[in-house]
Amino acid sequence: MGNKSFKAAMEVEESAKEVFESINNVRGWWSENIEGRTDKANSEFTYRDKYMTAKMKISHFTPQKIVWDVVESHNVFFRNHSEWDNTQIVFEITERPGKTEIKFTHAGLVPEIECYPVCSNSWEFFITDSLKSLIETGKGKDISNDNDSFTTSITVDKSPEEVFKAVNNARAWWSEEIEGKTSELNAEFFYHYKDVHLCRMKIIALIPDKKVVWFVKANYFNFIEDNTEWDGTKIVFDISGKDGKTQLNFTHHGLVEQHECYQVCADAWTGYIQGSLKNLITTGKGRPNSKEEGLDSGLIEKWKLPEK
């Protein structure tokens, strides 16, 4: 189990003491929606978001190693609600000359379980992006206000299969300026609108006729101060059929009203989902952004190719 479990690692210039304190400041890098103490041996705390509740016990607590035992979990996002039960979340801290190494393992979070693609990508963001930012700058990247995330829905006289197929044809309803596959699990694709908005997505859940989930691996806006507001967020399409109709619930988890881009992004998603995607489903023709000319090729290549 241990060899296949999700792992992440990074190095920082800060001391092991600073790293230890940052890890224990769980609300500063994972979520503000946590109840209980997160900085004491044998204490218990509970993490909550819109879909998941996880109760942790801190079973090992030294400056070199922190272990959380997942006592109980409930995740309605997946068919097996308790896949985290009896797993362990481990932080190992090693100080070397001029740097500190952090090794993270979620023991038991393995590729065979349903939540692996979503959970592993989320952990990668929270550890190598949010926790790293907290250690280095004193500020993490909390995206935990899930109850306030933007959502919209449509109902159509089409089958779930037709809706699922249309969602995956993102070039036909979102933008013709998409590079990469948009209908394969674990595939990545790159979207841009001029030099205003660029993002790289990974498809982390693809359940035929039921669910599509995109994870935002990297994002850039040129019109707000924090151009990475989408980083680490999830875009979810939930599909359900009833009485001959199909309902599509769209949620951009982590796109909350506190974000500077919220109103612009909410208006844009409303137009794409309520207008373009609905038209594609019902008439076979959407209204995506068209191909563009005169783009800054250097900016495009920077965001399309390298890992952030």
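Keep in mind it's a predicted model, so treat the numbers as computed, not measured.
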Quick check: does any side chain N or O of [X] sit under 3.5 Å from a backbone N or O of [Y], one acting as donor and the other as acceptor?
X	Y	value
S43	T38	no
E260	E225	yes
W173	V167	yes
S276	G286	no
Q274	S153	yes
S133	K139	yes
T251	H253	no
R96	E101	no

Cluster question for you: counting only ILVMFWY and a side-chain heavy-atom cut-off of under 4.5 Å, with indirect links fine, are [X] and [Y] together?
X	Y	value
F150	V264	yes
V71	W30	no
I207	V118	no

- Message: Is it true that T182 and N168 share a donor-acceptor pair across their side chains at a distance under 3.5 Å?
- Response: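 No pair is found: no donor N or O on one side chain lies under 3.5 Å from an acceptor on the other.
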Do other residues, nucleotides or ligands put more than 12 heavy atoms under 6.0 Å from the [atom1] atom of [X]?
X	atom1	result
E136	CD	yes
K165	NZ	no
E72	CD	no

Can you find a pair of side-chain heavy atoms, one from [X] and one from [Y], that are under 4.5 Å apart?
X	Y	result
L255	Y262	yes
N219	E229	no
M201	V216	yes
Q247	K242	no
V70	M56	yes
V26	W68	yes
E176	S290	yes
P117	K202	no

Quick one: [atom1] on [X] to [atom2] on [Y], what's the gap to the nearest 0.5 Å?
X	Y	atom1	atom2	value
H192	S175	NE2	OG	7.0 Å
I89	I23	CD1	CD1	12.5 Å
T151	F250	OG1	CZ	8.0 Å
R200	D231	CZ	CG	9.5 Å
C119	E124	SG	CD	13.0 Å
C115	H81	SG	NE2	13.0 Å

- Does the side-chain contact (heavy atoms from CB on, under 4.5 Å) test come out yes or no for I135 and M10, once each step is laid out? CA-CA 11 Å; I135 294 168; M10 60 183 178; 4.2 Å; yes
- Task: Test L248 against every option in T155, D238, V212, L277 by the side-chain contact (heavy atoms from CB on, under 4.5 Å) rule and name the one that passes.
- Result: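 The side-chain contact (heavy atoms from CB on, under 4.5 Å) with L248 is passed solely by L277 among T155, D238, V212, L277.
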- Note on the structure: Partner of F104 under side-chain contact (heavy atoms from CB on, under 4.5 Å), picked from T128, I66, I127, is I127
If every non-hydrogen atom of [X] is compared with every non-hydrogen atom of [Y], which pair is closest and at what distance?
X	Y	result
L134	S22	CD2-O, 3.6 Å
S159	T246	C-OG1, 3.3 Å
L206	L185	CD2-N, 3.6 Å
N80	E114	N-OE1, 3.8 Å
N289	Y193	ND2-CD1, 3.8 Å
A54	W84	CB-CE3, 4.2 Å

In terms of relative ring orientation, are [X] and [Y] parallel, tilted or perpendicular, with 30° and 60° separating the classes?
X	Y	result
W269	W230	parallel
W29	W123	tilted
W174	Y272	perpendicular

- Item | Worked check of side-chain contact (heavy atoms from CB on, under 4.5 Å) between V156 and K278 | CA-CA 8 Å; V156 294; K278 187 174 183 179; 4.1 Å; yes
- Do D39 and R37 meet the salt-bridge criterion of a basic N to acidic O distance under 4.0 Å? yes
- Using a strict 4.0 Å threshold on nitrogen-to-oxygen distance, state whether K17 and E21 make a salt bridge. yes
- Name of the residue among Y220, F223, Y191, F190 meeting ring pair (Phe, Tyr, Trp, His ring centres under 6.0 Å) with H197: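 Single ring pair (Phe, Tyr, Trp, His ring centres under 6.0 Å) partner of H197 among Y220, F223, Y191, F190: Y191.
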- Query: Does the pair Q88 and S5 meet the rule for a side-chain contact (heavy atoms from CB on, under 4.5 Å), with working shown?
  - Reply: CA-CA 10 Å; Q88 282 190 325; S5 297; over 6 Å; no
- Would you check, one step at a time, whether the test side-chain contact (heavy atoms from CB on, under 4.5 Å) holds for E83 with S73? CA-CA 7 Å; E83 286 186 323; S73 66; over 6 Å; no
- Task: Under 4.5 Å between side-chain heavy atoms, chaining through other members, with only Ile, Leu, Val, Met, Phe, Trp and Tyr counted: pull out the rest of the cluster around V90, sorted by chain and number.
- Result: V67
